[in-house]
Structures are given as C-alpha cells and as structure tokens.
Amino acid sequence: MTTIDTGLPLSRRQGWQKLLAHRTAIAPLDLSFLFGDDPFRADHMNASGAGLFFDYSKNRITKGTLELLLDLARECRLPDRIEQMFSGEKINPTENRAVLHVALRSSREDVFRVDGVNVVPDVHAVLDRMIRFSRRIRDGEWKGRTGSPIRNVVNVGIGGSDLGPVMAYEALRHYSARDMRFRFVSNIDPTDFHEATRDLDPAETLFIISSKTFTTLETMTNARTAREWIRHTLGEGAVGRHFVAVSTNTDEVRAFGIDPENMFGFWDWVGGRYSMDSAIGLSTLLAVGEEHFQTLLEGFREMDLHFRSTPLERNLPVLHGLLCVWEGTFLGSATRGVFPYDRYLKRLPAYLQQLTMESNGKHVSLDGTRVDYDTGPVFWGEPGTNGQHSFYQLIHQGTRIIPSDLIGFLHPLHPTGNHHDILIANLFAQAEALAFGRTEADLRKQGVPPSLIPHRICEGNRPTNVILAERLTPHTLGTLIAFYEHSVFTQGTLWNIDSFDQWGVELGKILAQKILPELTGDPAAPLTHDSSTNALIQRYRNARLSDR
Ligand code: G6Q
C-alpha cells in the first residue's frame, strides 16, 4: 500500500496551539463588536472565483484568525496535497487509489496520469459514447422492443450512484427535456420501485443500472425487479433495448443480460460520491442534453482551476474549508447547515450530506491513530425559506451554534412579480438576524412588555457564509459542487484523514447479510445476537408467520 507522508496530526502542530490560544483571546468579541470595530470588514472578508461570490465576513473570526488558519493549512502542506491529488498520486491510501474526479471534467488537451498513464483520452471516449447515446434517445432514434421511442428514464442506483443524479436532475429541471420523464429508484423498500414505475409504459422506458461494483444489494435487487417488470410485459428479448449499465464491472453487467456495448464505464479512481460528472451522470445528460452537460463540466473545471491555482488566502474552497474546521473543531459546532434559497436545489443538502459526512466522518488519521479532535460535523439542510418557518427558530435562539451556508442567485429563472426580491430579502435578512440578533435595548425601545423581553431576545453571533451566483445554470451547479468537493478535501487535509474511503458503511451491510436468512429461514432457529437484536428478529418472524 502506498502511504502518504502527511506529517503530524492537527493537535500536535504549532499552528493548532496558536489557534487554541487565539480562540481564548477572541472569545469575548462577538459579530456585533467585530463589525462595529471595522466598518470595512465585509470588503476584505469576501472572495470571488469561477462565478461564485463568497461572503465569509459573518464568521466568528478576526483577520488574525484567518492568518493563523492559513498558517495551519501551510503547516499541513495543503498546497502539496492539492498537487498530489491533481497529479494522480494515491492519496486514498486505505484503498490504494488515486482520487482523480478532476479528470472527469478535463478538457481534451489536459493530461491527468494514474500510474503513468494519461486517463483523459479514456474519459473523453466514454463521454463521447454517452453523448452519442443521448442523441439517439432524445431524438427518438433508439427504439424499445415494440418500436416505441424511449420517453421514460429510470436510474437505478444508490448512494453515490443515486444522490448526484437525483440532485442534478432536480437542480437542472429548468433545462431538461420536458417531454421525457425521469425517475430514480434507490431504496430497497419496494415502495420506491412501485411508485417510480406505476404510471410508466414499459415499452417507452429505459432503465439505467448505475453501480460502480454492480454487486450492491439494493441496486441489484431493484435491477432484477425492473428486469422482471420489462420481461413480463415485453418478453424475454426486451432487456437489451430497455437496459443500459453504468459500471466498472463488465463481467457482472454481461451476466445480468446487458450487452457491454451498452455499458458506460468509469474507473476505480472515481469515488461514488465524486462521480456525478462521470458516466453516473448519464441520466443528467439524457435530461439536459449535451450542450448543458458540457457546460456543467466546464463549471466544475473552472472551480478546479481556481482551487489549483489561486493563492490560499483568495481560494474559495480553501477559505470555506478552513472556516468549517474553525467552527467545527476549534469552536465546537457539532452540526453545519446548508440552506439554498432556490427550490431547484432542494436535493442539494442531501447530496452534500453524503459528500461531507461520508468523506470526513472519520475517527483515525491517515496513519491509523485515533484523532484527539473532532472531525466532520453533522451536515444537514433544506431550502431556506421553508426552513425559516420551522427549524430556523433553533438556529436563532437555541443553545447550540449552527454555522450555516446560505446560497442564493441574483437573477431568477422564473421572473414572477416580486417573488425573487422577497426570496433574496429573506436570505439577506436571515444572515443579518443570525449575526446581530435583537438586543434587550431594542426590545425596550419597541415597548415590549418586560416579561416577554427574555423570550424575544436573539443573542446573535450565529455565523453564516453567504454564497451568491448570478443565476442557477448548469455551469453554476458545476462550480458549486466542485467548491464543496474541494472544501471537503481541504478539511480532510487539515484533519489528516482519508476523505476518500468509507469503511464505516461496511459493518451494517455485513450484519444485514447475516440477519436476512434469520428472518426468512426456520422461525425457531436459535439467535445469537444481543438481546435487543434477538427480540427484534423474533418480532419480525412472528409477523411473517401471521402473514401466511
Ligand atoms: C460513495 C460510496 C457509496 C456508493 C454506493 C453505491 O462514495 O462508495 O455511496 O456510491 O454504495 O455503490 P455502487 O455504485 O457500487 O453500487
């Protein structure tokens, strides 16, 4: 296994000690004070790049905090680590893999090497095939078994093979083929398959079986159900016209009955949660067409270039990542919110939840020692204005601090009366209210009865980042996703962890394989789990018996 020398863990670095001391020194300074003290704070605490504007002035930081965080990033050799990623070094040591999702959005002239071999020609060969296939589907040239064109596309996949496609489809719906229907089946719960297909005509339906390994239990179970659904109505020979695969596993794809000619490949240097711009994005391409898909890739690429070439102090993903480490590890915020002020981004929080938590939910550093600091926080969110009428209460007045990203667009996709003005007024107002709150003095001036004053005080000092772009386009979506990908990498580098493996999801899968036959086999067979698991299994066995 290739190991990467990443040096000392965070807590043994000089920079860490300095930040701890600094944290104590600035603790009394809240955001009201910091803004009062420096009327130009917003002017120097923002950065722009790849079409995004990033206002980070409403974080609990001073200029000094930022300098110390940047020093720490240098001490953790962040610039070297960035170069290692772009150079195809095996920076995922526990799986002995390069991490080269940046090659997926390369231009044809770029060179990205893995084990000395330039992977860019392969990336473009797959992309070209995807584009040719999408033309045939969208133009109605590809016919189903009965001669009907394909009008329904169902992506079957889970985790990284589902969340990106769903999120991108929702985000780019405005740009999608409105005469086609796109559905996504991920859950093993049969309801998922039933609801996704109940009103579809099999003769017009294409299934994309998206699975890097082509062995994932949920996906393969759903894929077999889909195959039966097609065979049942269209006959044995229909599978070839109604199924394509996105995978790295040709043998399993063939064994399933899909011609490898209709398989779109990717590579082990693409992690599932970093794969939405690989062939896993086939449903996105079918939905938005090649021009928009290319623009999406360009957006990713622009942010990649920004990340690779911009000095740390002006580098958006680096700044965001450092602030996440500051808020989470140094100031102890256990969760982080992301609140897009755009309905099309309704699945972005779920997508980012996997990206951030599967990447940085790690308890050992790269050399296998237990870390003695907190790593990735719980990441969660919802579209903003809906959240304002529910859980924002806790963010304003709860006892826990929840740093948040508020994402908005300067121009609406559907200009309608003053809707967009109200939407954006709400975004800005929330950031202001969270930062500066409402004081006792304000409430007295307003004549609020004294008994109500404590209930109505908002203490403020709640940190937010505001991320703005011109308009939600495929390009913007690409830059936004790459921004978060590289922020995650920045955080993982400071924490000295492997952001690209996911061993934690393995144990539950293994146990499920053990429990499944215990549920369905001899109902009297003895059970050897803990007393709780035994009792739950027994309860389910009894329910199955009563169903007979
Ligand atoms: C992502 C993870 C995981 C993976 C799914 C699906 O980084 O590896 O979410 O994407 O388990 O795996 P397959 O694509 O192999 O079915």
Side-chain angles (χ1 to χ4, degrees), residues 85 91-102 104 126 154-168 184-189 192-193 207-227 243-256 258 263-284 347 349-362 376 379 481-482 484-489 491-492 497-513:
M85 177 172 74
I91 62 166
N92 172 2
T94 72
E95 296 180 315
N96 195 25
R97 285 179 181 166
V99 175
L100 217 47
H101 42 276
V102 292
L104 298 170
V126 174
V154 183
N155 185 75
V156 180
I158 197 164
S161 300
D162 166 69
L163 285 159
V166 179
M167 181 278 293
F184 300 86
V185 175
S186 61
N187 206 305
I188 192 64
D189 180 342
D192 214 12
F193 183 83
F207 287 93
I208 305 175
I209 310 301
S210 296
S211 176
K212 184 171 166 181
T213 53
F214 229 70
T215 55
T216 304
L217 183 62
E218 293 88 340
T219 300
M220 296 324 296
T221 307
N222 279 319
R224 281 189 288 272
T225 301
R227 193 172 55 187
F243 281 81
V244 294
V246 177
S247 186
T248 56
N249 190 342
T250 316
D251 292 344
E252 288 294 333
V253 167
R254 190 183 290 109
F256 181 85
I258 298 176
M263 165 180 157
F264 300 89
F266 58 119
W267 306 270
D268 74 354
W269 42 263
V270 185
R273 55 193 175 276
Y274 296 87
S275 67
M276 62 167 276
D277 49 345
S278 70
I280 290 291
L282 184 61
S283 59
T284 315
R347 296 294 290 166
Y351 173 82
L352 293 180
Q353 202 158 43
Q354 180 187 29
L355 182 69
T356 59
M357 291 169 70
E358 206 172 24
S359 297
N360 285 338
K362 306 290 162 64
F379 205 90
I481 300 303
Y484 277 102
E485 285 176 349
H486 299 321
S487 167
V488 162
F489 178 61
Q491 294 168 57
I497 57 179
D498 187 337
S499 299
F500 302 105
D501 62 11
Q502 55 282 315
W503 298 105
V505 296
E506 195 181 52
L507 177 60
K509 288 188 193 172
I510 295 170
L511 292 178
Q513 294 284 11

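All values below come from the heavy atoms of this structure, side chains included, with hydrogens, waters and symmetry mates left out. Start at 1 and go down the list; that is how both ligands and their atoms are numbered.
Taking every heavy atom of G272 and a limit of under 4.0 angstrom, the matching atoms of ligand 1 come to 1 (C), 7 (O), 10 (O). Remark: ligand 1 atoms within the under-4.0 Å shell around heavy atoms of S161 are 10 (O), 13 (P), 14 (O). Every atom of ligand 1 is numbered from 1 in the order shown, and the set under 4.0 Å from a heavy atom of T213 is 13 (P), 15 (O), 16 (O).
Distance check: D162 CG to N155 CG gives 6.5 Å after rounding to the nearest 0.5 Å. Q354 contributes atom CD, which lies 13.0 Å from atom CZ of F379 (distance to the nearest 0.5 angstrom). Taken to the nearest 0.5 Å, the CZ atom of F489 stands 8.5 Å off from the NE2 atom of H101.
Ranking the protein heavy atoms by distance from atom 12 (O) of ligand 1 puts T216 OG1, 3.5 Å first. Nearest to atom 5 (C) of ligand 1 among the protein's heavy atoms is I158 O, 3.5 Å.
Of the candidates R273, E358, K509, Q502, K509 brings a heavy atom nearest to atom 11 (O) of ligand 1. Compare E506, M220, E218, Q354 by their heavy atoms: the one nearest to atom 3 (C) of ligand 1 is in Q354.
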Would you check, one step at a time, whether the test side chain to side chain contact (heavy atoms under 4.5 Å, CB included) holds for R273 with Q353?
CA-CA 10 Å; R273 55 193 175 276; Q353 202 158 43; over 6 Å; no
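Considering backbone and side-chain N/O of S211, one or more are found under 3.5 Å from N/O of ligand 1. Below 3.5 Å of separation, one finds no N or O of T219 facing any N or O of ligand 1. Taking any N or O of G160, backbone or side chain, at least one lies under 3.5 Å from an N or O belonging to ligand 1.
Cation-pi geometry between R227 and F243 is not met: the NZ or CZ atom fails to fall both under 6.0 Å from the ring centre and inside 45° of the normal.
Nearest approach of T219 to S211, heavy atoms of both residues: CG2-CB, 4.0 Å.
Counted within 6.0 Å of CZ on R347, heavy atoms from surrounding residues, nucleotides or ligands total 12 or fewer; the atom is thus considered open.
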